[in-house]
Participant: 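Please read through the structure below; I'll follow up with questions.
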Amino acid sequence: MLDIKRIRKEPEKIEMLLNRREKISLDRLLELDEKRRNLISTSESIKAQQNAESKQIPILKKEGRDTGAILAEMKKLSAQMKEYNDEIAQLDTDLSQILLGIPNIPNEDIPIGKDEQDNVERRKVGEVRKFDFEPLAHWDIAVNSGLLDFERAAKISGARFSMFTGNGAKLERALINFMLELHTRSHGYTEISPPFMVNRQSMVGTGQLPKFEEDAFHITNNDYFMIPTAEVPLTNIYRDEILDLDQIPAYLTAYTPCFRAEAGSAGRDTRGLIRNHQFDKVELVKLVHPDMSYNELESLTKNAEEVLKLLEIPYRVVELCTGDIGFSSAKTYDIEVWMPSYDRYVEISSCSNFEDFQARRANIRFRDSDEQVKFVHTLNGSALAVGRTFAALLENYQNKNGSVTIPEVLKPYMGDLETI
RNA sequence: GGAGAGUUGGCUGAGUGGUCGAAGGCGCACGAUUGGAAAUCGUGUUUGCGUGAUGAGCGCAACUAGGGUUCAAAUCCCUAACUCUCCGCCA
């Protein structure tokens, strides 16, 4: 959520910056805002009068004087107040609906562009493997070796579900444990195991709602949402709190399944683990001092990259342009892993600095050294999407005989298996 | 699922219709005292909105949330959420 005071002060500049990502007019917002402020001024002066006069009532009563006249007048004021309050409440609703639908202002330094074609590659790590045989896609490798069963997953659930079996399930668990151990032991994150269903307010807090409700799985009989990412519960841990200076920076990590309706992706990535309704992910979340958030984005991205470095899978980091960046983000790096079946790099992580956009929605603040209460900056990144890591591992580590070599760092988590 | 009790400021805890943003205590900050510290004493200690210059001041709001009664609600009524206790059920 943007700061209404800032919009009021420099609407043209903000509109210009927002237009780098999508066409947005702030006219209606400003009009309602002005109307609201006028009404508040009027109603508050009535209220002040009401307060002053109502103090007289008990005094008059004590003196045994007649209060009929003043009560009648007060009744009139009261009715008037009610009308004003109803109107203000309606304006508040309208205003917050507009405000919640406006995306974040992209950082002024990020590349300007209209879609993913305009993203900028920042670095490329690892050598893409040259196969001396025809490499298979991960869904073929996995099904041939009994690591995944898509057909039965479709039977028990439906399209876009997968089921890990035997050593496949073990490898998935190994990846989760490997990632969590790395981030908790080497990168200083605190592990959290949060709820997988959250309430509506949490989804608004991180920006999934109200605009993207069709992307989420909604439990309708009690208004819960299946989390689309651990970002939602982790960031909302401190919703409506004022943190002490020694509580930030907070580094949190969690493994959770993620649930996405994938509305609008019909026909895309229909095979394999790339785009499912349910997938596992290890997430990193940071709540930091505003002065530090861009440094923290660099280190968070490095933390995520470390997973692929240790697994020795080639990847690249791209900086998203204004047209491709997510709704809530000010700056985002995507990490893309080399996927032989796609013959290109495929997104496996997205690391973003939201600045104070989520903190305003979720009302997460801290008391700075100057005693001022300020909004924190929030960041998060996948580290990594486990299903896609599983897929990339299979494809990059496959052997001619159909087996898959287990990377060195994963062996302790795989009972020292060499291949599966 | 059934029955009951509760939710007040950073914490604790008073307050059952009017002068209550809210006593007292703890904690915290600053000052006095001290060679220094403890103890003691004093002062201060929420957040949001509106109006000001992102200052001072002024005004308004907030006692879990939302609605109602009333001239007036922390206080009365209704609904919801959460917490606790007992019973039932369950992993």
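Order of the sequence lines sets the chain letters (A, B, ...), proteins ahead of strands, with each chain counted from 1.
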Participant: Would you classify S78(A) as touching base, sugar-phosphate or nothing, given that sugar-phosphate means primed atoms plus P, OP1 and OP2, and contacts are heavy atoms under 4.0 Å?
Facilitator: sugar-phosphate
Participant: Whole angstrom is fine here: how far is it from CZ in F366(A) over to P in G10(B)?
Facilitator: 18 Å
Participant: Looking only at atom C1', what distance separates C26(B) and G13(B), rounded to whole Å?
Facilitator: 10 Å
Participant: Starting at CG of L32(A) and ending at C1' of C49(B), how long is that distance when rounded to a whole Å?
Facilitator: 17 Å
Participant: Looking at E298(A), I want to see if its CD is surrounded by more than 12 non-hydrogen atoms of other residues, nucleotides or ligands under 6.0 Å.
Facilitator: yes
Participant: Side chain of M74(A) only, heavy atoms from C-beta on: which candidate in C71(B), G48(B), G50(B) is closest?
Facilitator: C71(B)
Participant: Determine whether a donor-acceptor pair (N or O, by modelled atom type, separation under 3.5 Å) exists between the side chain of N144(A) and the backbone of D140(A).
Facilitator: yes
Participant: Could you please name the option among G48(B), G18(B), U51(B) that lies closest to any side-chain atom of S41(A)?
Facilitator: U51(B)
Participant: Give a yes-or-no answer on whether the side chains of T322(A) and K114(A) include a donor-acceptor pair shorter than 3.5 Å.
Facilitator: no
Participant: Between R37(A) and C49(B), is there a side-chain N or O to OP1/OP2 distance below 4.0 Å?
Facilitator: no
Participant: Got a donor-acceptor contact below 3.5 angstrom from the D368(A) side chain to the D370(A) backbone?
Facilitator: no
Participant: Within a 6.0 Å radius of atom OH on Y224(A), are there more than 12 heavy atoms belonging to other residues, nucleotides or ligands?
Facilitator: no
Participant: Find the distance K374(A):NZ to U47(B):P and express it as a whole number of Å.
Facilitator: 14 Å
Participant: Among side-chain atoms of Y189(A) and E283(A), is any donor-acceptor pair under 3.5 angstrom?
Facilitator: no
Participant: Expressed as a whole number of Å, how far does the P atom of A5(B) sit from that of C90(B)?
Facilitator: 28 Å
Participant: Between OG1 of T42(A) and CE of M81(A), what distance do you get to the nearest 0.5 Å?
Facilitator: 10.5 Å
Participant: Measure from the side-chain heavy atoms of I242(A) and tell me the nearest of U51(B), C49(B), U47(B).
Facilitator: U47(B)
Participant: Tell me if a side-chain donor or acceptor on E73(A) pairs with a main-chain N or O of I70(A) at a distance below 3.5 Å.
Facilitator: no
Participant: Could you tell me whether the side chains of Y315(A) and E305(A) share a donor-acceptor contact shorter than 3.5 Å?
Facilitator: yes
Participant: Return the value, rounded to whole Å, for the distance between atom CD of E241(A) and atom C1' of U47(B).
Facilitator: 14 Å
Participant: Considering heavy-atom distances to RNA chain B, does E371(A) or Q49(A) have its closest nucleotide positioned more toward the 5' end?
Facilitator: E371(A)
Participant: Count the heavy atoms of every other residue, nucleotide or ligand shown that sit under 6.0 Å from CD of E83(A), and state whether that count exceeds 12.
Facilitator: no
Participant: Can you give one letter per nucleotide of nucleotides 78-84 of chain B, 5' to 3': B if a protein heavy atom sits under 4.0 Å from the base, S if only from the sugar-phosphate, - if neither?
Facilitator: -------
Participant: Anti or syn, where syn is a glycosidic angle within 90° of 0; which label fits G52(B)?
Facilitator: syn
Participant: Would you measure the distance from the C1' atom in A14(B) across to the matching atom in A74(B) and give it in whole Å?
Facilitator: 12 Å
Participant: Could you state the atom-to-atom distance from CZ of R200(A) to P of G66(B) in whole Å?
Facilitator: 17 Å
Participant: According to the Watson-Crick and G-U wobble definition with distances under 3.5 Å, which dot-bracket string, read 5' to 3', encodes RNA chain B, using [ ] for crossing pairs and | for pairs with another strand?
Facilitator: ((((((((.[[[..)..(.....]]]((((((.......))))))((((((.....)))))).[[[[[..)....]]]]])))))))....
Participant: Return the value, rounded to whole Å, for the distance between atom CD of Q372(A) and atom P of U45(B).
Facilitator: 16 Å
Participant: Does K82(A) reach a base, just sugar-phosphate, or nothing at all? Heavy atoms under 4.0 Å.
Facilitator: sugar-phosphate
Participant: So K76(A), base contact, sugar-phosphate only, or nothing? Heavy-atom distance under 4.0 Å.
Facilitator: nothing
Participant: Quantified in whole Å, what is the P atom distance between nucleotide G24(B) and nucleotide G15(B)?
Facilitator: 15 Å
Participant: Rounded off to whole Å, could you give me the CD-to-C1' distance for the Q50(A) and C71(B) pair?
Facilitator: 8 Å
Participant: Using the P atom in both, what is the distance from U79(B) to G27(B), to the nearest Å?
Facilitator: 42 Å
Participant: What is the nucleic acid contact for R367(A), judged by heavy atoms within less than 4.0 Å: base, sugar-phosphate only, or nothing?
Facilitator: sugar-phosphate
Participant: Expressed as a whole number of Å, how far does the P atom of U45(B) sit from that of A22(B)?
Facilitator: 10 Å
Participant: Considering only the C1' atoms, how many Å lie between U12(B) and A81(B), rounded to the nearest integer?
Facilitator: 24 Å
Participant: What one-letter contact string describes nucleotides 52-59 of chain B from 5' to 3', where B marks a base within less than 4.0 Å of any protein heavy atom, S marks contact via sugar-phosphate atoms alone, and - marks no contact?
Facilitator: --B----B
Participant: Would you kindly say whether S341(A) and E395(A) are connected by a side-chain donor-acceptor distance under 3.5 Å?
Facilitator: yes
Participant: Looking only at side-chain N and O atoms, does T378(A) offer a donor or acceptor that is under 3.5 Å from a partner on Q358(A)?
Facilitator: yes
Participant: Please tell me if R36(A) has a side-chain N or O lying less than 4.0 Å from either OP1 or OP2 of C49(B).
Facilitator: no
Participant: Parallel under 30°, tilted from 30 to 60°, perpendicular over 60°: which one fits the rings of H218(A) and F225(A)?
Facilitator: parallel
Participant: Roughly how far apart, to the nearest Å, are C86(B) and A23(B) at atom C1'?
Facilitator: 36 Å
Participant: Expressed in angstrom and rounded to an integer, what is the separation of I46(A) atom CD1 from A61(B) atom P?
Facilitator: 13 Å
Participant: Crowded around K35(A) NZ? As in, over 12 foreign heavy atoms under 6.0 Å?
Facilitator: no
Participant: Nearest to the side chain of I57(A), which nucleotide is it out of C49(B), U47(B), C71(B)?
Facilitator: C71(B)
